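Shown next, in structure tokens, is the structure this report addresses.
Nothing here was measured: the structure is a model prediction, and the numbers come from that model.
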Amino acid sequence: HHHHHHHPSTKMSDESSNDPQQYIMMDNTTSENRSQPTNTTSAQSPTTTLDDTSMPATSTSTATTSTTTTTTITTTPKHVLIVDDDSISRSVLSKMLQKLEYRVTTAEGGRQALNLLSEQSSTFTLLLVDILMPDIDGIQLLRIFKRAQSRDIPIIMISSSEDPETIAQCFQSGAADFLQKPINFEVLKNRVKVCETLRLEREERSKLVERVKQQERELQQIKSQISD
């Protein structure tokens, strides 16, 4: 009798081998959906710039922004790693990001950055990387990190040069953005905000995908029970 019970389970594993196709279909639908959120975010961008200008004027809007940040903290606290060999640039960037309510960690070069990332990679939500550094240049670091990191952390590249070739290389290697030195606080603030919303959307989306997969699994179980 026990052998009989094993049969349905083998049948189930058989069914699950068709699953990948279902998942592929799913991926297609999510990629279609993916194009929609980006449209909406671009539509919203004019409104966010309006907020920025009105912010200093009204004290109430600043209060509301601080409350919204506390809600995001529950997901993952905002933590930036600033990689720059220039100490002045490091301190300027640190101050800017602290103003944006980030916990700040700094590294003087690519090697130190890689050590930090391997130790506490789970806590960083954003990277700011200077392109021109003596030990490992920023683009190399970007490529190493993109290859090694499973979680997609946005990386903003910084440089005083505006060489189009270099900028193109940054984006080809997976940078989220490029900022030119000297860095303007308002520009930085807007770009960081965009990275932050994209990261949160991505976190939400991966949770959603998991939920859908869970439902699929449950459906499979119910189906197999019915067929028994």
Side-chain angles (χ1 to χ4, degrees), residues 41-42 45-46 48-56 62 65 69 72 77-121 123-149 151-200 202:
T41 47
S42 61
S45 61
T48 49
T49 45
L50 279 173
D51 281 351
D52 286 352
T53 45
S54 63
M55 253 224 235
T62 46
T65 47
T69 43
T72 55
K78 299 196 291 185
H79 186 189
V80 66
L81 174 61
I82 296 168
V83 190
D84 196 328
D85 58 305
D86 174 15
S87 60
I88 295 166
S89 171
R90 269 204 311 279
S91 65
V92 168
L93 284 166
S94 296
K95 284 195 187 87
M96 285 183 176
L97 278 127
Q98 277 162 351
K99 232 189 252 181
L100 297 174
E101 299 183 350
Y102 269 81
R103 179 178 151 207
V104 177
T105 303
T106 60
E108 294 174 25
R111 262 189 208 100
Q112 197 187 347
L114 287 172
N115 288 339
L116 283 167
L117 286 161
S118 57
E119 280 170 31
Q120 29 173 286
S121 55
T123 64
F124 292 111
T125 58
L126 177 69
L127 265 73
L128 288 183
V129 181
D130 191 319
I131 292 175
L132 300 166
M133 290 185 294
D135 63 343
I136 304 173
D137 83 88
I139 292 177
Q140 250 179 311
L141 181 67
L142 171 66
R143 286 180 186 147
I144 295 168
F145 185 64
K146 278 286 171 190
R147 233 174 298 152
Q149 193 64 10
R151 261 191 335 116
D152 212 357
I153 300 174
I155 302 173
I156 298 176
M157 303 301 283
I158 317 155
S159 178
S160 43
S161 102
E162 46 182 326
D163 170 42
E165 184 112 335
T166 311
I167 298 171
Q169 267 187 319
C170 286
F171 285 109
Q172 280 159 10
S173 306
D177 218 324
F178 175 89
L179 286 176
Q180 204 190 330
K181 285 181 179 179
I183 285 165
N184 170 292
F185 179 69
E186 285 303 315
V187 173
L188 176 77
K189 180 176 154 186
N190 285 328
R191 305 291 179 85
V192 166
K193 203 186 275 177
V194 169
C195 284
E196 198 54 36
T197 42
L198 287 175
R199 187 182 62 79
L200 291 171
R202 208 179 284 130

(message) A side-chain contact here means heavy atoms from C-beta on lying under 4.5 Å apart; do D130 and V83 qualify?
(response) no
(message) How close do Y102 and T125 get, counting heavy atoms only, and between which atoms?
(response) CE2-OG1, 3.7 Å
(request) Find the distance between CG (L141) and CZ (R111) and round it off to the nearest 0.5 Å. (result) 11.0 Å
(request) Nearest 0.5 Å please: distance from the NZ atom of K95 over to the CG atom of L100. (result) 14.5 Å
(request) Mind checking side chain to side chain donor-acceptor pair (under 3.5 Å) for S159 and listing every partner two or more places apart, or none if nothing turns up? (result) none
(message) Give me the atom names and distance for the closest heavy-atom approach of Q180 to S160.
(response) NE2-O, 3.5 Å
(request) To the nearest 0.5 angstrom, please state how far the CG atom of L200 sits from the CG atom of L198. (result) 9.0 Å
(message) If you define the side chain from C-beta out and look only at heavy atoms, does anything of F145 sit under 4.5 Å from L127?
(response) yes
(request) List for me each residue that meets side chain to side chain contact (heavy atoms under 4.5 Å, CB included) alongside T106, sequence neighbours excluded, and say none if there are none. (result) I82, R90, S94, V104
(message) So, using side chain to side chain donor-acceptor pair (under 3.5 Å) as the criterion, who are the partners of R202 when residues are at least two apart?
(response) none
(request) To the nearest 0.5 angstrom, please state how far the CD1 atom of I144 sits from the OG atom of S173. (result) 11.0 Å
(message) For a 4.5 angstrom cut-off between non-hydrogen side-chain atoms, does I131 reach L142?
(response) no
(message) In the structure I gave you, are the side-chain heavy atoms of T166 and I139 within less than 4.5 Å of one another anywhere?
(response) yes
(request) Of all the heavy-atom pairs spanning M96 and F185, show the shortest one and how long it is. (result) O-CE1, 3.5 Å
(request) Drop me the distance from R103's CZ to L81's CG, to the nearest 0.5 angstrom. (result) 11.0 Å
(request) Using the test side chain to side chain contact (heavy atoms under 4.5 Å, CB included), find all partners of A176 that sit at least two apart in sequence or belong to another chain. (result) P154, C195
(request) Check F178 against S161 and note the closest heavy-atom contact, atom names and distance. (result) CZ-O, 3.6 Å
(request) Begin with the C-alpha distance, continue with both residues' side-chain angles, and end with the deciding distance and a verdict on salt bridge (charged side-chain N to carboxylate O under 4.0 Å, His left out) for E196 and R199. (result) CA-CA 5 Å; E196 198 54 36; R199 187 182 62 79; 2.5 Å; yes
(request) Among residues two or more places apart or on two chains, list those pairs meeting salt bridge (charged side-chain N to carboxylate O under 4.0 Å, His left out) that have a residue in residues 162-179. (result) D177-R191
(request) Using side chain to side chain donor-acceptor pair (under 3.5 Å) as the criterion, list what pairs up with D84, not counting sequence neighbours. (result) S89, K181
(message) How close do V129 and M133 get, counting heavy atoms only, and between which atoms?
(response) CG1-CE, 4.1 Å
(request) Mind running side-chain contact (heavy atoms from CB on, under 4.5 Å) on V80 and L93 for me, showing each step along the way? (result) CA-CA 10 Å; V80 66; L93 284 166; over 6 Å; no
